[in-house]
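Nothing here was measured: the structure is a model prediction, and the numbers come from that model. Naming convention: chains lettered A, B, ... in sequence-line order (proteins, then strands); numbering from 1 in each chain.
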Amino acid sequence: MSSSELQNLYQQVILDYSKNPYGVGLLGRAAGQSHQLNPTCGDEITLEVHLSGEGADRVVERIRWEGHGCAISQASASLLTELAEGLTVEDLRTRIDAFRTAMQSRGKIAPDEELLGDAVALGGVSRYVARVKCAMLGWVAAEHALVEAETR
Amino acid sequence: MSSSELQNLYQQVILDYSKNPYGVGLLGRAAGQSHQLNPTCGDEITLEVHLSGEGADRVVERIRWEGHGCAISQASASLLTELAEGLTVEDLRTRIDAFRTAMQSRGKIAPDEELLGDAVALGGVSRYVARVKCAMLGWVAAEHALVEAETR
Amino acid sequence: MTGTSETTHAPTAAEINLWREDFPLLATEVNGHPLAYLDSGATSQKPRTVLDAERHYYENLNAAVHRGAHTLAAEATVLFEDARATVADFVGAEEDELVWTSNATEALNLVAYAFSNASAGRGGAAAERFRLGAGDEIVVTEMEHHANLIPWQELAFRTGATLRYIPVGDDGALRMEAADEVITPRTRLLAFTHVSNVLGLINPVEELVARARAVGAFVVLDACQSVPHLPVDLKALDVDFAAFSGHKMLGPTGIGALYGRGELLAAMPPFLTGGSMITTVTMEAAEYLPPPQRFEAGTQKVSQAIALAAAVEYLKGIGMDRIAAHEDELGARLLAGLAEIPGVTVLGGSAPGPRVGAASFDLAGVHAHDVGQFLDDQGIAIRVGHHCAQPLHRRLGITASTRASTYLYNTTEEVDRFLEGVAATANFFGVKA
Amino acid sequence: MTGTSETTHAPTAAEINLWREDFPLLATEVNGHPLAYLDSGATSQKPRTVLDAERHYYENLNAAVHRGAHTLAAEATVLFEDARATVADFVGAEEDELVWTSNATEALNLVAYAFSNASAGRGGAAAERFRLGAGDEIVVTEMEHHANLIPWQELAFRTGATLRYIPVGDDGALRMEAADEVITPRTRLLAFTHVSNVLGLINPVEELVARARAVGAFVVLDACQSVPHLPVDLKALDVDFAAFSGHKMLGPTGIGALYGRGELLAAMPPFLTGGSMITTVTMEAAEYLPPPQRFEAGTQKVSQAIALAAAVEYLKGIGMDRIAAHEDELGARLLAGLAEIPGVTVLGGSAPGPRVGAASFDLAGVHAHDVGQFLDDQGIAIRVGHHCAQPLHRRLGITASTRASTYLYNTTEEVDRFLEGVAATANFFGVKA
Ligand SMILES: Cc1ncc(COP(=O)(O)O)c(C=O)c1O
Ligand SMILES: Cc1ncc(COP(=O)(O)O)c(C=O)c1O
Ligand code: FES
Ligand code: FES
């Protein structure tokens, strides 16, 4: 019944992660934390980055989050969490940027699999302007949490 | 150069009265007074009705007024003043009503010469919605002044 | 259920198809499907006559109204004021009781700010009745649209008054038995919605007005969702103020209206100030025109008012009772259909009517935006989210819902397509009954 | 005299005739004569592309913006925000520094009420810089349009601040030497018009801004008569806020804009409240979105914003420098011609330039409305009255004046017809030199 574009938007991996999200549950005492809200729908996320190491070698140990939202936002936060583990802070930043570029391209730029791994499943979102914020919610939270970690 | 309609609007009697208005100058101690303002242009008039007699026999002795405005408003106040002298209060009321009816008719009802005398020269005004207030200014002031005279 | 369907002939499918032809946008394809527009609660589509009225104005008469004496300006002024008379008459008001605003939100803010200005001493003795302060109470309901909630919150903050509210029950309806505790002699103003934009429920106006009158409170009615869909006579409803929006009733964006009882508008200090609303201005102070001009500062929404009057003529041509009867049928079909889909909970679905042709629902475990995406993929346009009523959603235990809302141009086939779409979505996401 | 005419080629008569064909209304006959529309200072005529943009929107995309996820709504939102970007860029602003309002009057009221709300404690610590009270001063000028005067009077009344003004001289120009006495360290806000709607004079923005900056005052620019007629870069002018109206720049009625410096808008409490401007709402309080949404409560002026962007594209297509050069020529012709008519006194006529293509005059012994009537009889549409500037007229010793104001579509023949008409009117009424 549904179009191939829609099936591309709701890929199996997205449906799976939305039902079984990854990394849910805050631990506290994180290096950085951020709360983000999507004003169109009222959904929110709170996200922690836990780091180890110092300076340029600082590494993301884990991300934890809590929140509510649509399938896309929940899957996206899960995919981010999975992707981030073990990356340096700089690396994660680069990938967030790459993800944003793809999302804001209105369907013109496919996400780079080398940088984004399974998160390329979210590529279809960028054709749906109204849903880009859903996909970005967790990633924007991570970006802010990293800034917080730095300025603390 | 100007159309016959315009010449009908600015008849000689109107031009004459606008240059030499009749009844200008307040006397004070009037039975009724009213101040009216035309909000479209900011022009104003203050008008007094001086009465004699009592009850149903009350007669308008004279009207006096002061103000500024366009040729039509000045001529109209003058014509009203001339018309009113010697009429009973009831009579003047009737004529004000007749004048209003003609003015608001959008060119459909000619003023009644028997009731309105020389003021029929203002008949052309009713085709010009934006100018009806000009012609009515003095007459509305008289109407209010009569009400004031009554309620005092 | 609107009280009109028994006596009025609902339109036939053939009639509706004729009306549809007046609405160019309804012929659009979306995502490869014919558009089924079920989002009129957010904004309605426009018939050609409305678009033509606006264009005709700009091509033939456009000029500044209530200013200047040239022919175009005079004719534009007549059209503009005729439009006011048409719309005022449509809701049972006098001409000078209808103030043009840019939307219903601004109309509600106008009242709130006029009270606020009166409370700051503006408007002299005549405006004393509008002054609020500590100890005074403003009452709203828990089902209000943000437009009929936040202006009162802010008014309370500015004046020191207290905001209270009539709660809704688990079934989504107003808990009228609680109203007696909330509406007290301290209540100065009661603001509530005629029809909930989420639940589609028609509130008991008469009862609420009676309670407000009993304590001497002003009544503000949010008529945004009633005026477009039901015959409404504001005088008969006996409210003091009412607000509605043009874009929800076949008119253009950028225009709304405030109804105010004549003697109240006449006593109220102005809100927006500037040109076209004054008599005399010095560098020190200004004197203000009587209503409605007092509340219409600056260049007027001329083409919008004229187009809204054309919309009202269109609605009158069909008849509001027939529109209500038609939507009543569609609404009943919506409710019955949704009740059969596994996992669907209709918000306010168990509350006793009356209601208009709109329903919002929750689909267990599936976010409203995902439901909306599936329907959109099939060309079905509905609204998802909190519908500017966060407190009501929170009260009902959810963040967002999916709303289908109908209008005169919707068909039973569109409602059925919507119901099938929801069923298929439930199925796709594996929702269990 | 606009500083552009030396370097820019003014358009030829043939070019202007081509532009005229884009404006359907200009082909109208009025009272048996071809219309000569010389009232663009009040409101401008609209090119077909603007009307088409609006109609195209309603026929193809109309939906609620910034709400819901369906395809139409998403596309409408993109168009709406693109329109904002277009108009913001046109005046040298960033997208999020441009707030849609219903006209310039509302834009000025928005600033005044935001200051008022800050003064009532709203907006928290960030808004402290906007708080006014006794001892604070607001400065305007004696030539302001009521829209840039009364909102400040009312703000002063509400907050206890004092309103002062820069006087104009006998020649109608601002007495800049007096400005130093009026603008003092007590001055918190200076509001003035870029171009006088009566005199056509362009005020010395740079000088006034410098004085305001020297005392730390905010600057509000009324750009109603500049943005339609001159190249304007609000960032380069370094003002804090500016207001202009769509209908005066080829756009529809019902839309205007407020420019606000980003960091100021971000710190300002809201004015109108309701839907589409919040993040979280409880029954007790609301949290607000960042600008520009924070200041755009309720359903947006969608079709109007899109049409205004089309108007801006049209203006850009011609080039504001060329429009200014053309109006400069027309204005010079107007002034020179009026100077030759017996009994005519041009308001501000003896003040040194620069000015736009507009002039108001007094005809000795003949009321402006009578002059207007004679011109209208010949199909010449001009404006008569106080032009919403009563204090300026009073200062110049008159109640009303007659104004001719030009735009890109006016021809030298129209100006000449106007001048002949004034001369004939003077003759008819027996005006002596
Ligand atoms: C200088 C000036 N300021 C303000 C305004 C008010 O504009 P609007 O009536 O569009 O709000 C006008 C035009 O009427 C104007 O010319
Ligand atoms: C019940 C109700 N009140 C108020 C509003 C606000 O109307 P607008 O956004 O047109 O100002 C709406 C619609 O959004 C509504 O449904
Ligand atoms: S709909 Fe809220 S995050 Fe997607
Ligand atoms: S124009 Fe003012 S009274 Fe006629």
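The side-chain contact (heavy atoms from CB on, under 4.5 Å) test with A:C70 singles out one residue from C:V371, C:D370, C:V384, C:V366, and that residue is C:D370.
Taking the six-membered ring where the residue is Trp, A:Y10 and C:F429 present perpendicular rings, their angle passing 60° and hence far from 30°.
A heavy-atom distance below 4.5 Å is found between the side chains of C:H367 and A:D43.
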Checklist entry - Can A:H68 and C:I398 be said to form a side chain to side chain contact (heavy atoms under 4.5 Å, CB included), step by step? => result CA-CA 11 Å; A:H68 53 84; C:I398 54 179; over 6 Å; no
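Residue A:R131 comes nearest to C:H369 through the heavy atom pair NH1-O, 3.1 Å, listed as atom of the first residue, atom of the second, then distance. Closest approach of A:T40 and C:H386 over heavy atoms only: O-NE2, 4.5 Å. Between A:S3 and C:D377, the shortest heavy-atom distance links the atoms OG-OD1, 2.5 Å.
Ranked by heavy-atom pairs under 4.5 Å with chain C, the list A:S73, A:C41, A:C134 is led by A:C41.
Within a 6.0 Å sphere centred on CD of C:E29, heavy atoms belonging to other residues, nucleotides or ligands number more than 12. Summarising the local packing, CZ of A:R93 is surrounded by more than 12 heavy atoms from other residues, nucleotides or ligands at distances under 6.0 Å. Atom CZ of A:R62 sits in a sparse spot, with 12 or fewer heavy atoms from other residues, nucleotides or ligands closer than 6.0 Å.
Contacts with chain C (heavy atom to heavy atom, under 4.5 Å) involve these residues of residues 11-31 of chain A, listed by number: A:L15, A:K19.
Residue C:E420: no heavy atom, backbone or side chain, is found under 4.5 Å from chain A.
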